[in-house]
A.B. asks: 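Please see the structure below; I have some questions.
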Amino acid sequence: MESRYKSFHYIEDLSKYANSDVILRGWVANKTEKGKLVFIQLRDGTGTVQCVTFKGNVSEEVFANAKKLTQESAVKIIGSVRADERAPSGFEVDVKEIEIYHISTDYPITPKDHGDAFLMEHRHLWLRSSRQHAIMRVRASVIKAIKDYFDSNGFKQMDSPMLTPSACEGTSTLFETKYFDMGSAYLSQSGQLYAEASAMALGRVYTFGPAFRAELSKTRKHLTEFWMVEPEMAFFDLNDDMDLAEDLVVYIVEYVLKTNRKELEILERDISKLEAIKRPFYRLSYDEAVKWLQDNKIPLKKKVDGKEVEILPFPWGEDFGSPQEEAIMEQFDKPCIIHRYPAEVKAFYMKRDPDNEKVVLAMDMLAPEKGGEIIGGSQREDNEDLLLERIRHENLPEEDYQWYLDLRRFGSVPHSGFGMGVERMVKWITGASHIREVIPFPRMIYRIYP
RNA sequence: UCCUGAGUAGCUCAGCUGGUUAGAGCAUCUGACUGUUAAUCAGAGGGUCGGGGGUUCAAGUCCCUCCUCAGGAGCCA
C-alpha cells in the first residue's frame, strides 16, 4: 500500500494541478477581508499561494472559519487550482473547505518593519518569513552542491571528531568542556588535522561539520559555531589545491543559479554578478598584493601602545585585515586567490615554499562584493623534522601531536587541502548583509537564545 | 577585549533650551466593502519613557552608575 504522505499536495507543485482539487496544509502568512471575500496567503514551507474564499461559494461555517483565521494559524484547505494573472505565482486556489488545526493569537512578527534585535529574539519564528525562507533554501542548495561535487569527483566523506584533546592550530581560543575522568576536552575549531590522516587512508576526502571558535569576534561575518567543509587530498600541491577550490566555487554558484532562481529574486540578488563567476579566478601572490597596497597607498592600521597608528607604505610581513582585503577586492568582479603568505602570520602545519623560505604555500580565496574570505587552505608540511621544529616554535604540546607526526613518519607524501566556510559562502551568494541571517540558529558572542 | 552609538505602546520611531494630561504609523479588537496581496475607511483599547541613584519648584529630557543591544577593530571560515 502506498504511504499516505506520498499523496500530499504542495504549493510548489500547484501548476501540475490546474483546474483540479487539492488539499493544502499550511500556515496563514497573511489575510485580508473585503466584504464577501476573504483572501488567505497560505504558506506550506514549499511556497505561498493566495486562497480566495467567496461567501457565495461556501457554507456559512466555512466562511466564518475563513474570517476567524489569524496570522500564522494552521489550516487544511481544500480547493480548486485556477490560473490567475493577478497572482504573483500565476495560480490561485478557490476555497471549498477549511479545517482549522490551530488558531494563533498575537503573532509577534508583523508584515511591517522590525529591528534586528527583535527579530533575533524571535529567530524561531523569523525563519517563517519569506526572506529567511529563501535564504535557508539557498543554504540547503549550497550544502547539497558541495556534497554532490565531492561525491561525484572521487572524494569520500570522512568526518573528523568534534571533541578533541587539544587545539588544532593553537592560535584561536577554544570552548572547553569536562571529559569524564580524563580532564578537559575542546570543541573542534577545524577538522583538518584529522582530515590529513583520513586522506592518507582514502586518498581524497572531505569532512563536513560544525566548527567552534571562542574568539570575541563581534562582526557581521563571524559566528562562534559555524559549518565548514574541508577537503584534503594526497598528492595535491598548492596549485592543484587552488584549482580544486575554483572548480568547487564555480560548481556551487552554477548549482544555485540553476536551482534557486525564485529565491534569488525574492532576495533581490543581482544575478548577473553570479553569472560572471567563471574560471579562471584572479590570483595574486602575497608579494604582488603588498606591492599593490603600497602603490595604492593603502596603509596598515595597527595599535602601538594602545594608540592606533597608520603605517605607510604597507610593510611586508604583516597579515592583511579587512581594510586591505576590501581594497584589493574592489577591483575584481570574480573571486581572487592570494597565495604564499609570510610564514610568521600563518599556521604551523603549512609547508614552506622551496623557492622562498620566508613564505608558506598557503592560499586564501576572497569573494567580490565584500564577500570576504570564503576559503583558506595550504599545502601541508610533509617533512617530519620541519614540522616538529614548527610545533616547538609555536610552543604547542608535542605529545598531543605524535599521531600527526606519524603521518610524516609512515609514507609521507605531498598533500593539500582547504576549508570553506558554508555561511560565508551563503552570505556572499545571497547577498545577505549579516552572517546571522544565513544559519538557522546563529551562535554569537552575545547570543545563544533561541 | 577595545572604540562608537542606541534603549519611549506589541513593533518602527518622533518628542526642541527641563515646563500642563507623553505622540504618530503599523499591529490588535469592533464595524463597512466581490479583487485585496504592506488594502482602504470609521471607531476603541494599549505606556513603570531599560534599572537604580542624584540635581531641581518641576526630569522622557541634565548628571552618576549598572544592565541590555547594535556597528566597527583585532582574530579568522
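Keep in mind the model is a prediction, meaning the values are calculated, not measured. Hydrogens, waters and symmetry mates are skipped; everything else that's a heavy atom, side chains included, is used. Naming: A, B, ... by sequence-line order, numbering from 1 per chain.
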A.B. asks: When we call it a touch if two heavy atoms are under 4.0 Å apart, what does A:K55 touch: a base, just sugar-phosphate, or nothing?
C.D. replies: nothing
A.B. asks: Quantified in whole Å, what is the P atom distance between nucleotide B:A58 and nucleotide B:U21?
C.D. replies: 14 Å
A.B. asks: Go through the N and O atoms of the side chain of A:S217 and the base of B:C76, and report whether any donor-acceptor pair is under 3.5 Å.
C.D. replies: no
A.B. asks: If you measure only the distance, is there a donor-acceptor pair under 3.5 Å linking the side chains of A:Q41 and A:T48?
C.D. replies: no
A.B. asks: With P as the reference atom in both, quote the distance from B:C33 to B:A9 in angstrom, rounded to an integer.
C.D. replies: 36 Å
A.B. asks: If you look only at distance, which donor and acceptor atoms sit under 3.5 Å apart when one is on a side chain in residues 326-338 of chain A and the other is two or more places apart or in another chain?
C.D. replies:
unit_1: A:Q331; atom_1: OE1; unit_2: A:W292; atom_2: NE1; d: 3.4
unit_1: A:Q331; atom_1: NE2; unit_2: A:I328; atom_2: O; d: 3.0
unit_1: A:D333; atom_1: OD1; unit_2: A:Y282; atom_2: OH; d: 3.1
unit_1: A:K334; atom_1: NZ; unit_2: A:K278; atom_2: O; d: 3.4
unit_1: A:K334; atom_1: NZ; unit_2: A:P280; atom_2: O; d: 2.8

A.B. asks: With ring-ring contact (aromatic ring centres under 6.0 Å, His included) as the rule and sequence neighbours excluded, what pairs involving residues 109-132 of chain A come up?
C.D. replies: A:H114-A:F118, A:F118-A:H122
A.B. asks: Report, as yes or no, whether the 6.0 Å neighbourhood of atom CD on A:E99 holds more than 12 heavy atoms from other residues, nucleotides or ligands.
C.D. replies: yes
A.B. asks: Please determine whether a side-chain nitrogen or oxygen atom of A:H434 lies at a distance below 4.0 Å from atom OP1 or OP2 of B:G71.
C.D. replies: yes
A.B. asks: Classify the nucleic acid contact of A:I375 as base, sugar-phosphate or nothing, counting any heavy atom under 4.0 Å across all strands shown.
C.D. replies: sugar-phosphate
A.B. asks: With a 4.0 Å cut-off on N to O distance, would you call A:E265 and A:R261 a salt bridge?
C.D. replies: no
A.B. asks: Give the rounded distance in Å between these two atoms: CE of A:M425 and P of B:A77.
C.D. replies: 16 Å
A.B. asks: What residues from residues 85-92 of chain A pass a heavy-atom cutoff of under 4.0 Å to RNA chain B?
C.D. replies: A:R86, A:E92
A.B. asks: Going through the checks in order, is the salt bridge (Lys or Arg N to Asp or Glu O under 4.0 Å) test met by A:E72 and A:R43?
C.D. replies: CA-CA 9 Å; A:E72 290 305 315; A:R43 172 181 78 68; 2.7 Å; yes
A.B. asks: In whole Å, I'd like the distance from the CD1 atom of A:I338 to the C1' atom of B:A77.
C.D. replies: 15 Å
A.B. asks: How would you list all residue pairs meeting salt bridge (charged side-chain N to carboxylate O under 4.0 Å, His left out) that involve residues 366-378 of chain A, not counting sequence neighbours?
C.D. replies: A:R269-A:E369
A.B. asks: Distance check, C1' atoms only: B:U55 and B:G15, in whole angstrom units.
C.D. replies: 23 Å
A.B. asks: For RNA chain B, which residues of residues 313-329 of chain A approach it to below 4.0 angstrom with any heavy atom?
C.D. replies: A:D319, A:G321, A:S322, A:P323
A.B. asks: For A:M228, which contact category applies under a 4.0 Å heavy-atom criterion: base, sugar-phosphate, or nothing?
C.D. replies: sugar-phosphate
A.B. asks: With sequence neighbours excluded, tell me which residues meet salt bridge (Lys or Arg N to Asp or Glu O under 4.0 Å) with A:D241.
C.D. replies: none
A.B. asks: Spell out yes or no: do the side chain of A:H222 and the base of B:C76 have one donor N/O and one acceptor N/O closer than 3.5 Å?
C.D. replies: yes
A.B. asks: Partners of A:D151 by salt bridge (Lys or Arg N to Asp or Glu O under 4.0 Å), sequence neighbours excluded?
C.D. replies: none
A.B. asks: Go through the side-chain N and O atoms of A:Q50 and A:E92 and say whether any donor and acceptor fall under 3.5 Å apart.
C.D. replies: yes
A.B. asks: Compute whether any side-chain donor of one residue and acceptor of the other, for A:T207 and A:Q157, lie under 3.5 angstrom apart.
C.D. replies: no
A.B. asks: Please give the distance between the C1' atoms of B:A6 and B:U20 as a whole number of Å.
C.D. replies: 30 Å
A.B. asks: Expressed as a whole number of angstroms, how long is the span from A:W126:CH2 to B:C11:P?
C.D. replies: 16 Å
A.B. asks: C1' atom, B:G25 versus B:G19: distance in rounded Å?
C.D. replies: 28 Å
A.B. asks: Classify A:H122 by what it touches in the nucleic acid, base, sugar-phosphate, or nothing, heavy-atom distance under 4.0 Å.
C.D. replies: nothing
A.B. asks: Check RNA chain B against residues 20-47 of chain A and give the residues with a non-hydrogen atom under 4.0 Å, in numerical order.
C.D. replies: A:N30, A:T32, A:E33, A:K34, A:G35, A:K36, A:L37, A:F39, A:Q41
A.B. asks: Classify the ring geometry between A:Y341 and A:Y286 as parallel (under 30°), tilted (30 to 60°) or perpendicular (over 60°).
C.D. replies: tilted
A.B. asks: Under the salt bridge (Lys or Arg N to Asp or Glu O under 4.0 Å) test, which residues partner A:K68, sequence neighbours left out?
C.D. replies: none
A.B. asks: Could you pick out which residue, A:Y446 or A:W227, lies toward the 5' side of RNA chain B when each is mapped onto its nearest nucleotide?
C.D. replies: A:Y446
A.B. asks: From the list B:U36, B:C29, B:U12, which nucleotide is the closest neighbour of the side chain of A:F118?
C.D. replies: B:U12
A.B. asks: What stems involve RNA chain B, if each pair must be Watson-Crick or G-U and both of its distances must be under 3.5 Å, with 3 or more such pairs in a row?
C.D. replies: B:1-7 with B:67-73, B:10-13 with B:23-26, B:28-32 with B:40-44, B:50-54 with B:62-66
A.B. asks: Any side-chain donor paired with an acceptor under 3.5 Å for A:E196 and A:H415?
C.D. replies: yes
A.B. asks: At under 4.0 Å, does any side-chain N or O of A:R220 touch on OP1 or OP2 of B:C76?
C.D. replies: no
A.B. asks: If you find the nucleotide of RNA chain B closest to A:R436 and the one closest to A:V345, which residue's nucleotide is nearer the 5' end?
C.D. replies: A:R436
A.B. asks: Output the rounded distance in Å from CD (A:Q71) to P (B:A38).
C.D. replies: 13 Å
A.B. asks: Could you state the atom-to-atom distance from NE2 of A:H114 to C1' of B:G7 in whole Å?
C.D. replies: 18 Å
A.B. asks: When the side chains of residues 22-32 of chain A are checked against the rest of the protein, which donor-acceptor pairs come out under 3.5 Å, sequence neighbours left out?
C.D. replies:
unit_1: A:K31; atom_1: NZ; unit_2: A:E33; atom_2: OE2; d: 3.3
unit_1: A:K31; atom_1: NZ; unit_2: A:K67; atom_2: O; d: 2.7
unit_1: A:K31; atom_1: NZ; unit_2: A:L69; atom_2: O; d: 2.8

A.B. asks: In whole angstroms, how far is the P atom of B:C75 from the NZ atom of A:K301?
C.D. replies: 14 Å
A.B. asks: Could you check whether A:T219 gets within reach of a base, just the sugar-phosphate, or nothing at all, counting any heavy atom under 4.0 Å?
C.D. replies: base
A.B. asks: Please report the distance, rounded to the nearest Å, between CG in A:L119 and C1' in B:C69.
C.D. replies: 13 Å
A.B. asks: Rounding to an integer number of angstrom, what distance separates B:U68 and B:G74 when you compare their P atoms?
C.D. replies: 26 Å
A.B. asks: Which residue pairs pass the salt bridge (charged side-chain N to carboxylate O under 4.0 Å, His left out) test when at least one of the two sits in residues 129-147 of chain A, sequence neighbours left out?
C.D. replies: A:E12-A:R137, A:R131-A:E437, A:R137-A:E263, A:R139-A:E423, A:K144-A:D148
A.B. asks: When the P atoms of B:G60 and B:C16 are compared, how many Å lie between them, rounded to an integer?
C.D. replies: 12 Å
A.B. asks: In whole angstrom, give the distance that lies between atom CD1 of A:I445 and atom P of B:G72.
C.D. replies: 14 Å
A.B. asks: Using the P atom as the reference point in each nucleotide, state the distance between B:C26 and B:U37 in Å, no decimals.
C.D. replies: 14 Å
